[in-house]
Amino acid sequence: MEARRSMALRSCPIMMGGGRRLARLASALVLGLGLAAPAMAATEFAAWLDGLRSEARARGVSDRTLDEALAGVEPIPRVIELDQRQPEGRMSFVEYKGKVISEARISQGRRLLAEHGPMLRQVEARYGVPAEIIVALWGIESSYGEFKGRFPVVASLATLAHDGRRADFFRGELLSALQILEAGDIEPDAMFGSWAGAMGQSQFMPSTYLGYAVDGNGDGRRDIWGTHADIFASMANYLSKMGWNPEYIWGREVKAGSGVASAGLDEERPLATWQARGVRKLDGSALPAVAIDASLLKMDDGSGPSYLVYDNFRVLMRWNRSTYFATSVGLLADAIRA
C-alpha cells in the first residue's frame, strides 16, 4: 500500500515537473498582481488629477499652468506617513517653551530686529502690529527663514487631497496653490513648503496666501519665500485683518495661586475681577487699572506658569490654534523687545 502510494505521488504532475511548472506559474501570478496594484493605483491617481484639472480651469487656471504644475506629480508616501503619525505622549508647556524660545533664538531675533528695523517699523506703522511680534512669528514659524520646507507643495497637497484624512480641505488648498502659480508669483519648481503645504518664511497655507499675502516692495509679486518686505507685510496684514489691536499687548505672565480657579479661554473677566481674586503681576504688584477683559491660562494643569491673555492673544490663536504656540510667540516677542 505504501509503495503504491509513493509511486502514485511520484507520477502525479503536481509533485513532479508539472508541479514545479505550476508553482512557477503561481509565483508569476502573485508577482503580476503585485506589479499590477501600483499600476492600477497610478491610473486611478491620474484619473483623479484629470478631475482636479476641470475644477482648476473653472477657477481660471490655464492648461499651461496645469501642465507645468502637475507634470510628473505622484503621491508621496512620506506625506501620508507624517499625516497619520500620532504624537507620542504629551509635551508640557514648559518643555515646549524650552524648545522654541532658546537664548540663541532670542539673540538672533534681536539682531534681525535691528538689521531690518526701518522696514519693520514701516510695516508696524502701516498695519499696527508690533515689529517684535512679526519677528517672533518669523522665528517660530521658519527659524527666521532658515527652514522653509523641503516638500514640493503641489505634490504634497495632491497626496493629502487624494488619500488624506481631510481630503476636502487639502483639495481646496491644492486649487489655491494652482491659482498662485497661475498668478506668476512663483514658479512650480520653486514652490516648496512643509509636508502639509505651508509655504515660505511665513508658513502660509495657499488659501491664506491668496487672502492675505501682500506685495511689500511694489515689484508686482508677493514673494513670501525670499523677499523680506513681502514676508513682513504679509504677516502683519494677516494679524491686522484678524483684529490685532495696537493699543494693547498680547498678555503677561502673572502670579495666580492654587485657589484661583480658571476656565481658560472660555472665561473672560475684567482685570479688576482678576485683581479681586488675588491675581497679581509677576513682581507681586497690582494689575493695571485698565478696563479690559482677560482670560487666565494656568499651564500644565496649574503646575506651570500662569498668564492673563487679551484679545490680541486670540488673534495669534487664529494663526495657529494652539495656546502653547500663541503664548510662546508673545513671550519671544517680549524677550526680543527687551
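Nothing fancy with the numbering, it's 1 onward along the sequence.
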Original post:
Is it true that Asp300 and Lys97 have a side-chain N and a carboxylate O under 4.0 angstrom from each other?
Top reply: no

Original post:
Any Lys/Arg nitrogen of Glu115 or Arg111 sitting under 4.0 Å from an Asp/Glu carboxylate oxygen of the other?
Top reply: yes

Subject >> Pair Asp83 + Arg165: basic N to acidic O under 4.0 Å >> reply: yes

Subject >> Phe204 ring center near Tyr209 ring center (under 6.0 Å) >> reply: no

Original post:
Would you say the ring centroid of Phe232 lies under 6.0 angstrom from that of Trp138?
Top reply: yes

Original post:
Going by an N to O cut-off under 4.0 Å, is there a salt bridge joining Asp67 and Arg64?
Top reply: no

Original post:
Side chain of Ser234, backbone of Ala213: donor and acceptor closer than 3.5 Å?
Top reply: no

**OP:** Look at the side-chain heavy atoms of Ile, Leu, Val, Met, Phe, Trp and Tyr, link any pair under 4.5 Å apart, and say whether Leu52 and Leu160 land in one connected group.
**Re:** yes

Original post:
Between Glu268 and Arg314, is there a salt bridge with N-O shorter than 4.0 Å?
Top reply: yes

**OP:** Please examine the side chains of Thr273 and Arg277, heavy atoms only from C-beta on, and report whether any two atoms are closer than 4.5 Å.
**Re:** yes

Original post:
Taking atom CG of Asp168 as the centre, does the number of heavy atoms from other residues, nucleotides or ligands within less than 6.0 Å exceed 12?
Top reply: no

Original post:
Is any side-chain heavy atom of Glu141 less than 4.5 Å from a side-chain heavy atom of Trp319?
Top reply: yes

Original post:
Are any of the side-chain heavy atoms of Ile76 and Pro152 separated by less than 4.5 Å?
Top reply: yes

**OP:** Quick one: closest heavy-atom pair of Ser202 and Met235, and the distance?
**Re:** CB-CG, 3.7 Å

Original post:
Under 4.0 Å between a Lys/Arg side-chain N and an Asp/Glu carboxylate O for Glu55 and Arg171?
Top reply: yes

**OP:** Indicate, with yes or no, if Val260 and Val254 share a hydrophobic cluster defined by side-chain heavy-atom contacts under 4.5 Å among Ile, Leu, Val, Met, Phe, Trp and Tyr.
**Re:** yes

Original post:
Centres of the Tyr310 and Trp250 rings: under 6.0 Å?
Top reply: no

**OP:** Indicate, with yes or no, if Leu181 and Tyr212 share a hydrophobic cluster defined by side-chain heavy-atom contacts under 4.5 Å among Ile, Leu, Val, Met, Phe, Trp and Tyr.
**Re:** yes

Subject >> Close side-chain approach of Ser328 to Ile140, heavy-atom, < 4.5 Å >> reply: yes

Original post:
For the residue pair Met91 and Lys99, what are the closest heavy atoms and their distance?
Top reply: CE-CE, 3.5 Å

**OP:** Answer yes or no: is there a side-chain heavy-atom contact under 4.5 Å between Thr323 and Tyr307?
**Re:** no

Subject >> side-chain contact (heavy atoms from CB on, under 4.5 Å) between Phe45 and Val73, intermediate numbers included >> reply: CA-CA 10 Å; Phe45 183 72; Val73 168; 4.2 Å; yes

Original post:
Can you tell me if Asp215 uses its side chain to pair, donor with acceptor, with the backbone of Asp219 under 3.5 Å?
Top reply: yes

Original post:
Taking Phe170 as the fixed residue, which of Leu157, Val79, Asp163 is the one that meets the side chain to side chain contact (heavy atoms under 4.5 Å, CB included) rule?
Top reply: Leu157

Original post:
Where is the tightest heavy-atom contact between Lys255 and Lys281, given as atom of each residue plus distance?
Top reply: CG-O, 3.9 Å

Original post:
Is it true that Ile249 and Leu239 fall in one hydrophobic cluster, defined by side-chain heavy atoms closer than 4.5 Å?
Top reply: no

**OP:** Could you tell me whether Arg105 and Glu146 make a salt bridge, using a distance below 4.0 angstrom between a side-chain N and a carboxylate O?
**Re:** no

**OP:** Taking only Lys NZ, Arg NE, NH1 and NH2, and the carboxylate oxygens of Asp or Glu, determine whether Asp230 and Arg222 approach each other closer than 4.0 Å.
**Re:** no

Subject >> Side chains of Val94 and Pro305 in contact at under 4.5 Å (non-hydrogen atoms) >> reply: yes

Original post:
Is there a side-chain contact between Trp48 and Arg53 (heavy atoms, below 4.5 Å)?
Top reply: no

Original post:
Do the non-hydrogen side-chain atoms of Glu124 and Val129 ever get within less than 4.5 Å of each other?
Top reply: no

**OP:** May I have the step-by-step check of salt bridge (Lys or Arg N to Asp or Glu O under 4.0 Å) for Glu253 and Arg280, ending in yes or no?
**Re:** CA-CA 9 Å; Glu253 186 174 357; Arg280 297 291 183 270; over 6 Å; no

**OP:** Using distance alone, with no hydrogens and no angle criterion, decide if Ser303 and Asp301 have a side-chain donor and acceptor under 3.5 Å apart.
**Re:** no

Original post:
Does atom CZ of Arg221 have more than 12 heavy-atom neighbours, drawn from other residues, nucleotides or ligands, at distances under 6.0 Å?
Top reply: yes

**OP:** Assess the side chains of Thr65 and Glu182: does a donor N or O sit below 3.5 Å from an acceptor N or O?
**Re:** yes

